[in-house]
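One structure is given below, encoded as structure tokens.
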Protein chains: 2
Amino acid sequence: MKKEFQKFQGYLSGHGLKMTKTRELVFKEIFSSPAVHPNAYDVHRRLRAKRKDVSLATIYRTLNLLVKTGLVSEIDLGEDHSHYEPERNKIAHGHLICLSCGKVQEFRNEEIQGVIDRIGEEKGYTLDKFSIEVFGFCQKCKKG
Amino acid sequence: MKKEFQKFQGYLSGHGLKMTKTRELVFKEIFSSPAVHPNAYDVHRRLRAKRKDVSLATIYRTLNLLVKTGLVSEIDLGEDHSHYEPERNKIAHGHLICLSCGKVQEFRNEEIQGVIDRIGEEKGYTLDKFSIEVFGFCQKCKKG
DNA sequence: TTTAATGCAAACATTTTGCACCCTG
DNA sequence: CAGGGTGCAAAATGTTTGCATTAAA
């Protein structure tokens with residue numbers, strides 16, 4: 001996470017932008033627990049719980065900035081808003097989403113990365129990123 | 001497509017709902033060209049071009065209904081609205097999206113289906129469906 | 001001290017909903 | 001002809017933006 005934060009600082013200074021207390025807070029909210037993948041409102045709520053009042057507008061602005069730097073990725077978990085998580089490029093991972101309780105679990109798989117690389121090659125694409133969302137029912141919900 | 005339409009009719013009558021001219025039009029708009037994956041507004045525009053005026057509200061209502069029946073799936077192509085396509089369950093397919101021109105191309109791969117089934121088993125999930133979106137730059141855009 | 005960052009409220013885009021009227025079964 | 005379907009306009013959601021003020025470099 002230290003390396004990513006330095007990369008963020010580098011991006012900002014390289015673009016005439018400034019590092020602020022607020023940007024640091026949002027950055028840390030995303031990077032301190034990668035498996036949380038909060039949405040913008042979650043970040044807002046989590047910060048407020050820590051007595052850090054940051055407006056939703058600024059949270060959106062900062063998240064968009066982090067996405068632009070390539071440090072954060074925006075994911076769609078089947079709801080009507082985006083979620084965010086640190087970009088762990090090179091490590092293929094997807095999300096397993098329970099259609100009943102909404103729980104989101106990550107999975108990792110190297111085979112898929114290989115298959116997708118091959119598909120890109122076949123179709124003549126230079127690949128940038130991919131997302132896999134798998135929907136089903138978790139063990140707990142199957143029983144209930 | 002005939003089979004799917006019958007399934008739609010069966011769902012409606014089984015739920016005390018009615019088949020209408022409008023529902024048939026929306027259904028056909030989705031099923032007549034599976035690779036179009038239009039959004040709600042596209043469906044509206046395409047119908048209007050055929051002198052069939054159906055309100056956006058009804059299009060949304062019908063698309064949601066078709067998704068509920070399992071006949072249509074809602075996909076996220078990285079824009080800020082949903083797209084729709086016939087559900088071709090059992091046939092794993094993903095979307096290859098060009099980050100420059102926005103072109104969407106489908107791909108099919110059996111290997112991925114196998115890998116995902118295995119992941120579901122490992123984690124104790126009963127899988128329902130999955131979506132794969134791969135982003136990159138198409139051949140044409142790489143040159144330009 | 002210059003220029004970017006922030007908060008607020010208004011604007012936007014997409015999708016949903018309440019209600020009066022229309023149509024299917 | 002009873003109950004669901006539709007269009008319209010208004011509401012609801014999630015996200016972005018203009019502007020006056022604050023703060024980083």
Side-chain angles (χ1 to χ4, degrees), chain A residues 5-6 8-30 37-48 51-69 72-84 102, chain B residues 5-6 8-30 37-48 51-69 72-84 102:
Chain A
F5 190 68
Q6 286 173 357
F8 186 28
Q9 291 180 308
Y11 180 92
L12 292 175
S13 64
H15 287 75
L17 306 176
K18 295 165 182 171
M19 175 56 79
T20 64
K21 197 75 197 151
T22 300
R23 285 182 172 157
E24 188 174 339
L25 286 169
V26 174
F27 176 94
K28 289 196 172 146
E29 212 48 58
I30 299 297
H37 23 67
N39 59 35
Y41 187 73
D42 291 335
V43 172
H44 183 252
R45 194 162 27 71
R46 291 165 74 92
L47 286 175
R48 200 165 45 189
R51 311 286 132 126
K52 306 294 182 185
D53 271 305
V54 179
S55 75
L56 248 187
T58 295
I59 288 170
Y60 275 111
R61 281 189 277 234
T62 307
L63 289 171
N64 286 340
L65 181 61
L66 286 166
V67 168
K68 210 181 305 169
T69 67
V72 164
S73 49
E74 197 175 350
I75 53 179
D76 171 37
L77 300 177
E79 300 179 354
D80 43 10
H81 49 247
S82 295
H83 289 247
Y84 299 85
Chain B
F5 191 66
Q6 285 172 357
F8 187 28
Q9 291 180 307
Y11 181 92
L12 292 176
S13 63
H15 287 75
L17 305 176
K18 296 165 180 171
M19 174 56 79
T20 64
K21 197 73 197 152
T22 301
R23 286 183 173 159
E24 188 175 339
L25 285 169
V26 174
F27 176 94
K28 289 197 173 144
E29 211 49 58
I30 299 298
H37 23 66
N39 59 34
Y41 188 74
D42 291 334
V43 173
H44 183 252
R45 193 162 30 71
R46 292 164 74 94
L47 286 175
R48 199 165 48 189
R51 311 286 134 131
K52 306 292 182 185
D53 271 305
V54 179
S55 76
L56 249 186
T58 295
I59 287 170
Y60 275 112
R61 281 188 276 233
T62 307
L63 289 171
N64 287 341
L65 181 60
L66 286 167
V67 169
K68 210 181 305 172
T69 67
V72 164
S73 50
E74 196 175 351
I75 54 180
D76 170 37
L77 300 177
E79 300 179 354
D80 44 9
H81 49 248
S82 296
H83 289 247
Y84 299 85

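Values below: every heavy atom of this structure, side chains too, minus hydrogens, waters and symmetry copies. So that the names make sense, note that chain A is the first sequence line, chain B the second, and so on, each numbered from 1.
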- Message: Nearest to the B/Lys18 side chain among D/dT6, D/dA24, D/dG3, which nucleotide is it?
- Response: D/dG3
- Tell me: CG of A/Leu63 to C1' of D/dG14, nearest whole Å? 13 Å
- Which whole-number value in Å describes the distance from A/Leu56 CG to D/dT13 P? 14 Å
- Considering just the side-chain nitrogens and oxygens of A/Thr58, establish if one lies under 4.0 Å of OP1 or OP2 belonging to C/dG7. yes
- Taking all non-hydrogen atoms of both residues into account, name the closest pair between A/Glu74 and A/Ser82 and its distance. OE2-OG, 2.9 Å
- Query: Hey, mind stepping through A/Arg23 and A/Leu65 against side chain to side chain contact (heavy atoms under 4.5 Å, CB included) and telling me if it holds?
  - Reply: CA-CA 10 Å; A/Arg23 285 182 172 157; A/Leu65 181 61; 3.7 Å; yes
- Task: Name the residue closer to the 5' end of DNA chain C, choosing between B/Tyr84 and A/Asp53 according to the nucleotide with the nearest heavy atom.
- Result: A/Asp53
- Task: Answer yes or no: does a side-chain N or O of A/Ser82 lie under 4.0 Å from OP1 or OP2 of D/dT15?
- Result: yes
- Query: According to the interplanar angle, ranging from 0 to 90°, do the rings of B/His37 and B/His83 count as parallel (below 30°), tilted (30 to 60°) or perpendicular (above 60°)?
  - Reply: perpendicular
- Please lay out, stage by stage, how A/Phe5 and A/Met19 fare under the test side chain to side chain contact (heavy atoms under 4.5 Å, CB included). CA-CA 10 Å; A/Phe5 190 68; A/Met19 175 56 79; 3.7 Å; yes
- Task: Rounded to the nearest angstrom, tell me the gap between atom CD in A/Glu74 and atom P in D/dT15.
- Result: 8 Å
- For B/His81 and C/dA13, give me the distance from atom NE2 to atom P, rounded to whole Å. 13 Å
- Once you round it to whole Å, what is the distance between C1' of D/dT15 and CG of A/Asp76? 15 Å
- Message: B/Leu47 vs B/Val26, test: side chain to side chain contact (heavy atoms under 4.5 Å, CB included). Steps then yes/no.
- Response: CA-CA 8 Å; B/Leu47 286 175; B/Val26 174; 4.3 Å; yes
- Query: Within the pair A/Thr22 and C/dT6, is there a side-chain N or O less than 4.0 Å away from OP1 or OP2?
  - Reply: yes
- Task: Check whether the side chain of B/Arg23 and the base of D/dG4 form a donor-acceptor pair under 3.5 Å.
- Result: no
- Note on the structure: Out of C/dG7, C/dT6, D/dG7, minimum distance to the side chain of A/Ser55 belongs to C/dG7
- Between B/Asp80 and A/Ala57, name the one whose nearest nucleotide on DNA chain C is closer to the 5' end. A/Ala57
- Message: On DNA chain D, does the nearest nucleotide to A/Asn39 precede the nearest nucleotide to A/Met19 from the 5' side, or the other way round? Give the residue.
- Response: A/Asn39
- Message: Pair A/Arg48, A/Asp53 - check side chain to side chain contact (heavy atoms under 4.5 Å, CB included), show working.
- Response: CA-CA 5 Å; A/Arg48 200 165 45 189; A/Asp53 271 305; 3.4 Å; yes
- Item | Spacing between B/Leu66 atom CG and D/dG5 atom P, to the nearest angstrom | 13 Å
- Query: Any idea which of D/dA24, D/dG5, D/dT15 is nearest the A/Tyr60 side chain?
  - Reply: D/dT15
- Message: I want to check one thing: is the phosphate of D/dT16, taken as OP1 and OP2, less than 4.0 Å away from some side-chain N or O of A/Asn64?
- Response: yes
- Message: Within the 4.0 Å heavy-atom criterion, would you say B/Ser13 contacts the bases, only the backbone, or no part of the nucleic acid?
- Response: nothing
- May I have the distance from A/Leu12 (atom CG) to D/dA23 (atom C1'), rounded to whole angstrom? 15 Å
- When you measure from the side chain of A/Leu17, which nucleotide among D/dG7, D/dA25, C/dA5 comes out closest? C/dA5
- Message: Distance check needed: C/dT24 C1' versus B/Phe8 CZ, whole Å only.
- Response: 14 Å
